[in-house]
*Asks:* 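My questions will all concern the structure given below.
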Amino acid sequence: MTGSLLISTSLIAMLGAALLVLARLEPGHPHITDWGWSHVLLALGLALGVALAPPHLDLPLYKAQATVATASIISSLALQLAGSARYRGLAWHWRLAAPVFGLLLVLILGLALVQQRYAIVAAAAVLTLGSWLAAWWLWRGGARSERFVAGCFAASGLVHLSGPVLDPLARSGITHAMGTYVQVALAMALILLSVRRAHRETQRVNLRLRQLYEQSMQGLLVVCERQVVYANPAALAMFGFDRVADIGSVGPLIASSELDAARSRYEQLLRDRHGHISWEGERHRRDGSVVYVRGTSSYFEWEGQPALLVLMLDDTERQRATEALRRQALHDELTDLPNRHAALARLADATAPGSPGFALLSADVDRFQLVNESLGHATGDALLQAIAARLRAALPPEVMLARLGEDQFLLLQPGVLDDAAALLAGQRLLAQLNAPFSVGHRALYVHVSVGVARYPAHGADGTALLSAAELAMHQAKQQAGAAAVVFQPGMAAGSGGLLEIEQALAAAIDNGEFQLDYQPKFAAGTRRLAGFEALVRWQRPGQGRVSPADFIPAAERTGQIVALGALILREAVQQLRGWQQQGLACVPVAVNVSPLQLQDLGFADWLLALVQAHGVPPGLLEVEITETAAMAHMERVLPQLARLRAAGMGVAFDDFGTGQSSLTLLRRLPITTLKLDRSMVEPLPEPSAGAVVRAACVIAEALGLTVVAEGVETEVQAAEVERLGCTHLQGWLLSRPLRADAATQLLSAPSDRPS
């Protein structure tokens, strides 16, 4: 009996061990571990409590073995229930279950102290109820195989129940025989059930994985010995294949420029057998078209052979968009030439240390704005496109042609090593643009100003070289017609001085650094004082006087002439007010007015309000305008001059004889004075010059105008202009410009004739 019991318990223990081995193979299924230890502990409990129990129940050895056996069997039951609950997906918490089974063990051991039979009956009842509970869990909603296991659990409960029924000490051979068969069947069923579930789980996971990589938009290739052995649908579509077998070698898929890098990755991964390498580049589709791919290659084993797992994403559209943005950032949309950013980048490369010499040509289309204003911006755009097309066709490939701004082009021409060659390059560029451009059924001629700078003679970097070329280009613009000028160092110094003056003007106006000198005007014949012309002077602190020839053009370029002109008018009116308060016999003061001031429609009202606020009669102030001011915005100038003239203020037409439309303007403008430019007075007494002056005086007399001869420097000139009909004289012969205090003394002198 003992031998057969030991054989049966050993068999149960081996089946439990088999379950534990299966649990090691399938670590994701904890219920298998529970059932495995349940059988091992059941075998231990049966061996100690039945098969190896001593014959005498009162021996200490029996009590010790019985205690261990009972604890093993109760633990087996707990693990059996834990495995069943976990298999079915029910909640199982050892923190709650352990105290319950501990109390059951204490209860059974306590009953054993009272009466052994009571303990056996209680243990049988507990084991039966536990087996039937496990059976219920697996039976409810279970498949056929699960219900078979539930039946085995139910039969196990009956075997436990039969123990005390057939034998008071549960040692019946029938019980142990049935128990052996039931536990073996149960163990085998649990093994099969666990294997089946693990297989289903594996199939489910594999199906999910297959769905992931089969339906993924990311291409997947497996490359073994440079042959494609697997490709998912995304990879097949990416390269234009229908089947994996059609791909063959991976080599034809890789662009020739990428072959060496791909081969190096392949060899490195096979050598290291770990890690991954990211890459991107061009690949070829089956039809030969190019696809841009971003991918990751990693080591992989395919059916026991070393291979590469390649994950890829078709990045062609993003790459095209990136290229389009890069091109847009570096190309001019209108002419399709490189733009300023691209030109500066090329200049940075070309001026790297040790680079060969070259010429940089800055070409600007003269009066291009006139084309836009007269013919429309569409014609202007078409003209720029035509210029770019002609230059691109005429220039050799090594010459970089770019468009910097609206009408400015830049050329980088290698191999120019001296100023003579640089000038020749500029002249050749002008020659290419001599012929007219056909734009919208119209032939348009263009004049271009070209500035040329050489590397490294005129600049050590791109910024300095471009600045030099543009300075030379501005010098070319000052010449008549199309011109090419090579940069000279003096240009930079002059430009720096102009910039410095422009920057200092605003502060000078705010700080009141300007003052007025007064050039007297005298009546012809009597040579008596008849008026002053206010001349602005800039006394820069610490630097002395700045020539009006420098700061007046700078003020006009920057628009600060408006503020400066207002300052001059206020100071002139204040000086007139001061002379009135001193009781002096005031004479009119003439002030030059800029064209920019006359563009303000409220200028006349502002000026009249100014003289009224100071209590100065309008007749004591005279505004001087030039032909340029009158012609620039005639529709704005005429109403304002008429408003001033109607208020009694004098209006002088300055620099008469230097323009081309002066005679026409005399009739249209509401002027009171005609000022002959010094260029008309200087040649006197030459007969031809006298005839011109006489003609001007006759016209002025017919129009009721006074005539002022400017630049009278000799007595011969003074006598001649008086003889020819000029009514007033102005020049250094009679008086140089006077400071305000000297002008005041002249006004207060007993005689108006200068000494």
*Asks:* In terms of side-chain geometry, is the basic nitrogen of K521 or E533 positioned less than 4.0 Å from the acidic oxygen of its partner?
*Replies:* no
*Asks:* Can you tell me how far apart CG (L596) and CD (Q560) are? Round to the nearest 0.5 Å.
*Replies:*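 With rounding to 0.5 Å, CG (L596) is 11.5 Å from CD (Q560).
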*Asks:* Is a donor on one side and an acceptor on the other found under 3.5 Å between the side chain of Q640 and the backbone of F603?
*Replies:*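 Judged by distance alone, yes, a pair lies under 3.5 Å.
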*Asks:* Are L383 and F368 packed together at the side-chain level, in the sense that at least one heavy-atom pair is separated by less than 4.5 angstrom?
*Replies:*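 Heavy-atom side-chain distance check passes, below 4.5 Å.
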*Asks:* Side-chain contact, heavy-atom cut-off 4.5 Å: L738 with Q745?
*Replies:*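 No - every pair of side-chain heavy atoms lies 4.5 Å or more apart.
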*Asks:* OG/S748 to CG/L584 distance, rounded to the nearest 0.5 angstrom?
*Replies:*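 Answer rounded to 0.5 Å: 6.0 Å.
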*Asks:* Can N372 and E406 be said to form a side chain to side chain donor-acceptor pair (under 3.5 Å), step by step?
*Replies:* CA-CA 11 Å; N372 281 336; E406 181 180 22; 3.1 Å; yes
*Asks:* Only pairs under 3.5 Å count here: list side-chain donor-acceptor contacts from residues 432-439, not counting sequence neighbours, and write none if there are none.
*Replies:*
none

*Asks:* Go through L598 and V593 one step at a time and tell me if the side-chain contact (heavy atoms from CB on, under 4.5 Å) criterion holds.
*Replies:* CA-CA 7 Å; L598 290 171; V593 175; 3.9 Å; yes
*Asks:* Any donor-acceptor pair under 3.5 Å linking the side chain of R403 with the backbone of G405?
*Replies:* yes
*Asks:* Can you confirm whether L644 sits close enough to L607 that some side-chain heavy atom of one is under 4.5 Å from a side-chain heavy atom of the other?
*Replies:* yes
*Asks:* Find out whether D366 and K477 are in side-chain contact, i.e. whether some heavy atom of one side chain is under 4.5 Å from a heavy atom of the other.
*Replies:*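 D366 reaches K477 side chain to side chain.
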*Asks:* Given side chains that start at C-beta, do those of P737 and W732 come closer than 4.5 Å, heavy atoms only?
*Replies:*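 They are in side-chain contact.
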*Asks:* Quick one: side chains of residues 561-581, donor-acceptor pairs under 3.5 Å with protein atoms, not counting sequence neighbours, listed by atom name and distance.
*Replies:*
residue	atom	partner	partner atom	Å
E571	OE2	L516	N	3.4
R577	NE	H614	O	3.3
W579	NE1	T744	OG1	2.8

*Asks:* How would you list, by chain and number, every residue that makes a side chain to side chain donor-acceptor pair (under 3.5 Å) with T673, sequence neighbours excluded?
*Replies:* E622, T706
*Asks:* Which heavy atom of C726 sits nearest to which heavy atom of A709, and what is that distance?
*Replies:* SG-CB, 4.0 Å
*Asks:* If you define the side chain from C-beta out and look only at heavy atoms, does anything of V486 sit under 4.5 Å from H458?
*Replies:*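 The answer is yes, as the side chains (C-beta and beyond) meet within the 4.5 Å cut-off.
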*Asks:* May I ask you to test the V452-V485 pair for a side-chain heavy-atom distance under 4.5 Å?
*Replies:* no
*Asks:* Locate the shortest heavy-atom distance separating T672 from G650; write the atom from each residue and the value.
*Replies:*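 Residues T672 and G650, closest heavy atoms: OG1-CA, 3.6 Å.
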*Asks:* For a side chain to side chain donor-acceptor pair (under 3.5 Å) check, start with the C-alpha distance between Q717 and E682, then their side-chain angles and the critical distance, and finish with the verdict.
*Replies:* CA-CA 8 Å; Q717 291 174 340; E682 185 178 6; over 6 Å; no
*Asks:* Counting only heavy atoms not in R340, do more than 12 sit closer than 6.0 Å to its CZ atom?
*Replies:*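 Yes, because the 6.0 Å sphere around CZ of R340 holds more than 12 heavy atoms from other groups.
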*Asks:* Would one find more than 12 heavy atoms of other residues, nucleotides or ligands at under 6.0 Å from atom CD of E713?
*Replies:* yes
*Asks:* Rounded to the nearest 0.5 Å, how far apart are CG of D655 and CG of N592?
*Replies:*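 These two atoms lie 7.5 Å from each other.
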*Asks:* Going through the checks in order, is the side-chain contact (heavy atoms from CB on, under 4.5 Å) test met by D364 and V448?
*Replies:* CA-CA 6 Å; D364 191 85; V448 176; 5.8 Å; no
*Asks:* Taking all atoms of both residues into account, what is the closest heavy-atom pair of A388 and F409, and its distance?
*Replies:* CB-CE2, 4.2 Å
*Asks:* Please check if the side chain of D418 supplies one atom and the backbone of A420 the other of a donor-acceptor pair under 3.5 Å.
*Replies:* yes
*Asks:* Should the heavy atoms of other residues, nucleotides or ligands under 6.0 Å from CZ of R390 be counted, would the total exceed 12?
*Replies:* yes
*Asks:* Passes side-chain contact (heavy atoms from CB on, under 4.5 Å), V450 versus M473? Steps please.
*Replies:* CA-CA 5 Å; V450 179; M473 180 264 290; over 6 Å; no
*Asks:* Salt bridge check, E722 against R527: does any charged N sit closer than 4.0 Å to a carboxylate O?
*Replies:* yes
*Asks:* Examine distances only and state if a side-chain atom of T727 and a backbone atom of V707 form a donor-acceptor pair shorter than 3.5 Å.
*Replies:*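 Pair found, side chain donor or acceptor close to backbone of V707.
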*Asks:* Are any of the side-chain nitrogens in R678 or E710 under 4.0 Å away from the carboxylate oxygens of its partner?
*Replies:* no
*Asks:* Can you tell me how far apart CD (Q488) and CG (L471) are? Round to the nearest 0.5 Å.
*Replies:*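 The distance works out to 12.0 Å.
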*Asks:* Output yes when a side-chain donor or acceptor of D677 lies under 3.5 Å from a complementary backbone atom of M680, and no otherwise.
*Replies:*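 It does not hold such a pair.
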*Asks:* Could you measure the distance from the CG atom of L429 to the CG atom of L424? Nearest 0.5 Å is fine.
*Replies:*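 Here the interatomic distance stands at 11.5 Å.
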*Asks:* What closest approach, in Å, do Q413 and A425 show between heavy atoms, and which atom pair accounts for it?
*Replies:*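 Heavy atoms of Q413 and A425 come nearest at OE1-CB, 3.9 Å.
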*Asks:* Who are the ring pair (Phe, Tyr, Trp, His ring centres under 6.0 Å) partners of Y455, not counting sequence neighbours?
*Replies:*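 Ring pair (Phe, Tyr, Trp, His ring centres under 6.0 Å) check on Y455 returns F358.
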*Asks:* Is any side-chain heavy atom of F551 less than 4.5 Å from a side-chain heavy atom of V536?
*Replies:*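 The answer is yes; the side chains approach within 4.5 Å.
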*Asks:* Quick one: list whatever passes side chain to side chain donor-acceptor pair (under 3.5 Å) with D517, sequence neighbours left out.
*Replies:*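 Applying side chain to side chain donor-acceptor pair (under 3.5 Å) to D517 gives R545.
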*Asks:* Drop me the distance from S467's OG to L465's CG, to the nearest 0.5 angstrom.
*Replies:* 9.5 Å
*Asks:* Quick one: do L535 and R537 satisfy side-chain contact (heavy atoms from CB on, under 4.5 Å)? Show the steps, please.
*Replies:* CA-CA 7 Å; L535 304 174; R537 297 291 184 259; 3.5 Å; yes
*Asks:* Under 3.5 Å, which donor-acceptor pairs link side chains of residues 685-701 to any protein atom two or more places apart or in another chain?
*Replies:*
residue	atom	partner	partner atom	Å
R694	NH1	L724	O	2.9

*Asks:* I'd like to know if the side chain of E333 pairs up with that of N339 as donor and acceptor (distance under 3.5 Å, no hydrogens or angles considered).
*Replies:*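 Note: E333 and N339 side chains miss the donor-acceptor criterion.
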*Asks:* Is Q597 reaching over with its side chain to a backbone N or O of S594, donor-acceptor style, under 3.5 angstrom?
*Replies:*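 Yes; at least one donor-acceptor contact below 3.5 Å.
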